[in-house]
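All remarks here apply to the structure that follows.
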Number of protein chains: 2
Amino acid sequence: MNDRADKKAARATADQVAREANVSRVAVSRAFNPNASLKPEKRDRILQVARELNYTPDMAARSLVTGRSHLVGMIVPDVCSPWESQEIDALTTALQAEGFATLLFKVKADFSMDPRLLTYMRGFNPDSVIAFTENILPDVLCGFLDRAVPIYVIYDDVKQFAGAASGTLYDRLLVRQKNGIAQAVALLQGYGARRIAYLGGKAQSLANAERERTLKETLAERGMDAPIVLAGDYTYDTAYQATLDLFRIGDGADAIFAANDVGAFGAIDALRHELGLSVPDDVKVVGFDDIPQAHWKSYNLTTVRIDLDERVRALVRLILMRLRAPDAEPLTETLNTRLIVRGTVG
Amino acid sequence: MNDRADKKAARATADQVAREANVSRVAVSRAFNPNASLKPEKRDRILQVARELNYTPDMAARSLVTGRSHLVGMIVPDVCSPWESQEIDALTTALQAEGFATLLFKVKADFSMDPRLLTYMRGFNPDSVIAFTENILPDVLCGFLDRAVPIYVIYDDVKQFAGAASGTLYDRLLVRQKNGIAQAVALLQGYGARRIAYLGGKAQSLANAERERTLKETLAERGMDAPIVLAGDYTYDTAYQATLDLFRIGDGADAIFAANDVGAFGAIDALRHELGLSVPDDVKVVGFDDIPQAHWKSYNLTTVRIDLDERVRALVRLILMRLRAPDAEPLTETLNTRLIVRGTVG
DNA sequence: TTTGTGAATGAACACGTTTTCATTTTGTGA
DNA sequence: TCACAAAATGAAAACGTGTTCATTCACAAA
């Protein structure tokens, strides 16, 4: 009589639906499996009864027998980072449309992987795993997870991993940094920048290493001096402090190339609000990522874009391909970058 | 011989571990269940073998028999919103430490709930559900999910839901808006603000409605004029445009109270970079939330804080309480707000 | 030695589904 | 009408675990 009384009202089971609809339990199973052969009218009747009883197939039971959990694990160091939250949001939406749910696991900010986390995650038997932390060695992941699980390491560098595992067991999404960086350097040079500082990201970040390397390479090609390299960690506060140090302790620079947009924001604010310098008149600033905040008027940041839609489409394509053909050869998708010109250069 | 060959190397099962360790399969199960009675040396040996075989209990199978999935569902409209991503991040960390994994579901930005999503989510049998979209009526959720599943609706308003369901079946986290708003209004009045505009959030948002109501109430108590109410949706762009309209089409204001920090950013940028006005000299701005970006120097926003740590601690406390005692009476935790004074008022 | 108490043990069952396989029904052409 | 393929059907067997229950074991007290 009381609300608390029907708490025991467990979820309806396929047996109950079968009994109610005067069919076998197998028929119920088939009714929820589109490509199973079942008389249309029978299917309709079953689905009708199922709706009345508020029945949904139990994923755990289904997973047990089919071996597919319809779960995609995501390993994320920082959900708050605009870059990662964008990706989580878009991937979740796309995968949800294909019938997969997102299983979120958080790793420590310093990227140190807790082995128990991987063990724990493996218990859920995810159909696929996306690792956002670029410095988790794929081999480590492969060791803890099953070899049959496709693994995606986002934005690693071809060269870094070329010799890591002889036969790479995971699909990869690579980003060509060269294009956007070359455009940015050309623009900076055009505005007369000579002393360029590179405001780095996390030391362990492969993307950071690749950006620094590409920047050096590009500057050399154009006959410009090597950049002043500042240590960073992708955060606003660290970038802010590093910029202060550059101008107070060091000799300054006439352009700052930040490893990510948030770092660029920190640099801009330090220049404008603490050092009393003008951006772009005194110092030019370029970022990396083109997160939504980059177009906010206070920053209006010129930045190297890696298109979100392209990224997500490529990732989803990879994942679905792998889920449908687990034995296919590992695939590599390549993305390009390009400069988005706004107001922080000239 | 080839990597591809051992793809079939399925995950180790409890049976294999049992055989290898010369024990019964039940013993293996007990070895992984801390409070089961098992001779210590035997347990150690089993765990040792399990480690060698890289064995992990299958969550699906475990879920099937225990009825607990160790999954916590989160229904989120926008992972990119700093407010929500903070919460997801902190909750995931806290729940992970307690052995629960986060299952992420995304709903449309306009909060319209797709009933099929709820049905789908129910299939995963989450032990608990956290709904970030405050305007999902709890009754709708209760209808689709089982009554036995504890449901948390974050930041709803006591008054709104008082009469919704006679016996509320869900635990709640309430936020007292009054404190922070009263402090903000006092500060604004002290600096001589007279014409105050309220830059609203999503129309369907209960938190927005409650903030607007509380602001009006507070202004009236202090004998000030009712606020000019601007429609918004919590986004930067909308806030930016609404502010332009207020000053170009409307009669302007000498203070803007935004429903959230991101909206305040939009207002500040419109004032400074398009209308040529000074913040705080010409117009004062107050935000709501105190997201990390609020202390960025470009904005340096005075805002009403709802402490993240307090929020997460309270939520985790509620969830764990409910998981351990499903039959306990529905609980309500209450949080307070307070003003963080920075540079956008005076 | 006997009795009693609690821990340790394993066989059997249960969880809710999909899949296999053998059987029955339906539909089609001669 | 017959023959044959194709579609529809249900019984039974999995999937990998936790739990119940009756039994055995170890040890201390009588």
Side-chain angles (χ1 to χ4, degrees), chain A residues 8-47 50 53-71 99 119-120 122-125 127 146 148, chain B residues 8-47 50 53-71 99 119-120 122-125 127 146 148:
Chain A
K8 290 175 195 163
R11 291 184 33 199
T13 166
D15 275 311
Q16 300 178 25
V17 176
R19 214 170 305 136
E20 194 80 13
N22 277 326
V23 295
S24 78
R25 196 197 44 241
V26 183
V28 177
S29 171
R30 286 200 242 265
F32 280 89
N33 214 325
N35 43 6
S37 95
L38 188 69
K39 209 180 263 180
E41 56 183 40
K42 199 172 190 175
R43 159 168 290 143
D44 290 345
R45 184 158 46 98
I46 293 176
L47 290 179
L53 265 59
N54 204 8
Y55 165 80
T56 315
D58 186 312
M59 285 299 188
R62 173 180 282 183
S63 160
L64 202 55
V65 53
T66 59
R68 323 195 94 194
S69 61
H70 285 254
L71 293 172
T119 306
Y120 184 59
R122 214 174 57 116
F124 288 101
N125 213 8
D127 290 338
D146 305 309
Chain B
K8 289 173 197 163
R11 291 183 32 199
T13 166
D15 274 312
Q16 300 177 24
V17 176
R19 214 170 306 136
E20 194 80 14
N22 278 325
V23 296
S24 79
R25 196 182 51 72
V26 184
V28 177
S29 170
R30 285 200 242 265
F32 280 88
N33 214 326
N35 42 6
S37 95
L38 188 67
K39 207 181 266 179
E41 55 183 41
K42 200 172 190 176
R43 161 168 289 143
D44 290 344
R45 183 158 46 98
I46 294 176
L47 290 179
L53 266 57
N54 205 7
Y55 165 79
T56 316
D58 186 311
M59 285 298 190
R62 175 179 280 184
S63 159
L64 202 53
V65 53
T66 60
R68 322 195 95 193
S69 60
H70 285 254
L71 293 173
T119 307
Y120 184 59
R122 213 175 55 116
F124 287 101
N125 212 8
D127 290 338
D146 305 310

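All of these numbers come straight from a predicted model, not from anything done at the bench. The sequence lines fix the lettering, A, B, ..., with proteins before strands; numbering per chain opens at 1.
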Looking at B/Thr13, I'd like to know whether one of its side-chain N or O atoms comes within less than 4.0 Å of OP1 or OP2 on D/dT17.
yes
The side chain of B/Pro57 lies closest to which of these nucleotides: D/dT17, C/dG16, D/dT19?
D/dT17
Interatomic distance where NZ belongs to A/Lys39 and P belongs to C/dT24 [whole Å]:
16 Å
Does a side-chain heavy-atom distance below 4.5 Å link A/Phe32 with A/Arg43?
no
What integer distance in Å separates A/Gln16:CD from C/dG16:P?
9 Å
Per atom distances to the A/Arg30 side chain, the nearest of C/dG16, D/dG10, C/dA14 is D/dG10
CG-CZ distance between B/Leu64 and B/Arg68, expressed to the nearest 0.5 angstrom:
15.5 Å
Side chain of B/Val65 only, please: which of D/dG16, D/dG18, D/dG10 is the nearest?
D/dG18
Euclidean distance, atom CG of residue B/Asp58 to atom C1' of D/dA14 [Å, nearest integer]:
14 Å
Tell me the interatomic distance from A/Arg62, atom CZ, to D/dA14, atom P, rounded to whole angstroms.
22 Å
Using atom CG of B/Asn125 as one end and atom P of C/dT17 as the other, report the distance to the nearest whole Å.
10 Å
Considering every strand and a 4.0 Å limit on heavy-atom distances, what is the contact class for A/Tyr55: base, sugar-phosphate, or nothing?
sugar-phosphate
For A/Phe32 and B/Ala61, take the nucleotide of DNA chain C holding the closest heavy atom to each; which residue's nucleotide lies nearer the 5' end?
B/Ala61
Specify the separation, in whole Å, of atom CG of A/Leu64 and atom P of D/dT17.
9 Å
Please tell me if the side chains of B/Val26 and B/Val28 come closer than 4.5 Å, counting only heavy atoms from C-beta onward.
no
Run the side chain to side chain contact (heavy atoms under 4.5 Å, CB included) test on B/Leu71 and B/Asn125 for me, step by step, so that the C-alpha distance in whole Å, both residues' side-chain angles and the decisive distance to 0.1 Å come before the verdict.
CA-CA 8 Å; B/Leu71 293 173; B/Asn125 212 8; over 6 Å; no
Overall bend of the helix from C/dT1-D/dA30 to C/dA30-D/dT1 (five pairs an end, 10° steps) is 30°
May I have the distance from A/Arg43 (atom CZ) to D/dA7 (atom C1'), rounded to whole angstrom?
13 Å
side-chain N/O A/Ser37 vs D/dT9 OP1/OP2, d < 4.0 Å
no
Would you call A/Arg25-A/Asp15 a salt bridge at under 4.0 Å N-O?
yes
C/dT18, C/dG10, D/dT9: which one has an atom nearest the side-chain heavy atoms of B/Ser24?
C/dG10
Report the C-alpha distance between A/Arg45 and A/Val23 in whole Å, list the side-chain angles of each, state the deciding distance to 0.1 Å, and finish with yes or no for side chain to side chain contact (heavy atoms under 4.5 Å, CB included).
CA-CA 10 Å; A/Arg45 184 158 46 98; A/Val23 295; 4.1 Å; yes
How many Å lie between NZ on A/Lys42 and P on C/dT25, as a whole number?
12 Å
Residue pairs, two or more places apart or on separate chains, that pass side chain to side chain donor-acceptor pair (under 3.5 Å) and touch residues 55-65 of chain A
A/Thr56-B/Arg122
Starting the side chain at C-beta, find the nucleotide from D/dG10, C/dA8, C/dT17 nearest to A/Val26.
D/dG10
Could you check which of C/dA8, D/dG18, D/dC15 has an atom nearest any side-chain atom of B/Arg25?
D/dG18
Counting the atoms with a prime plus P, OP1 and OP2 as sugar-phosphate, which does A/Thr66 contact under 4.0 Å by heavy atoms, base, sugar-phosphate, or nothing?
sugar-phosphate
Kindly determine whether B/Leu38 and B/Ile46 satisfy side chain to side chain contact (heavy atoms under 4.5 Å, CB included), including the steps that lead there.
CA-CA 11 Å; B/Leu38 188 67; B/Ile46 294 176; 4.3 Å; yes
From C-beta outward on B/Ser29, which listed nucleotide comes closest to its side chain: C/dT18, D/dG18, C/dG16?
D/dG18
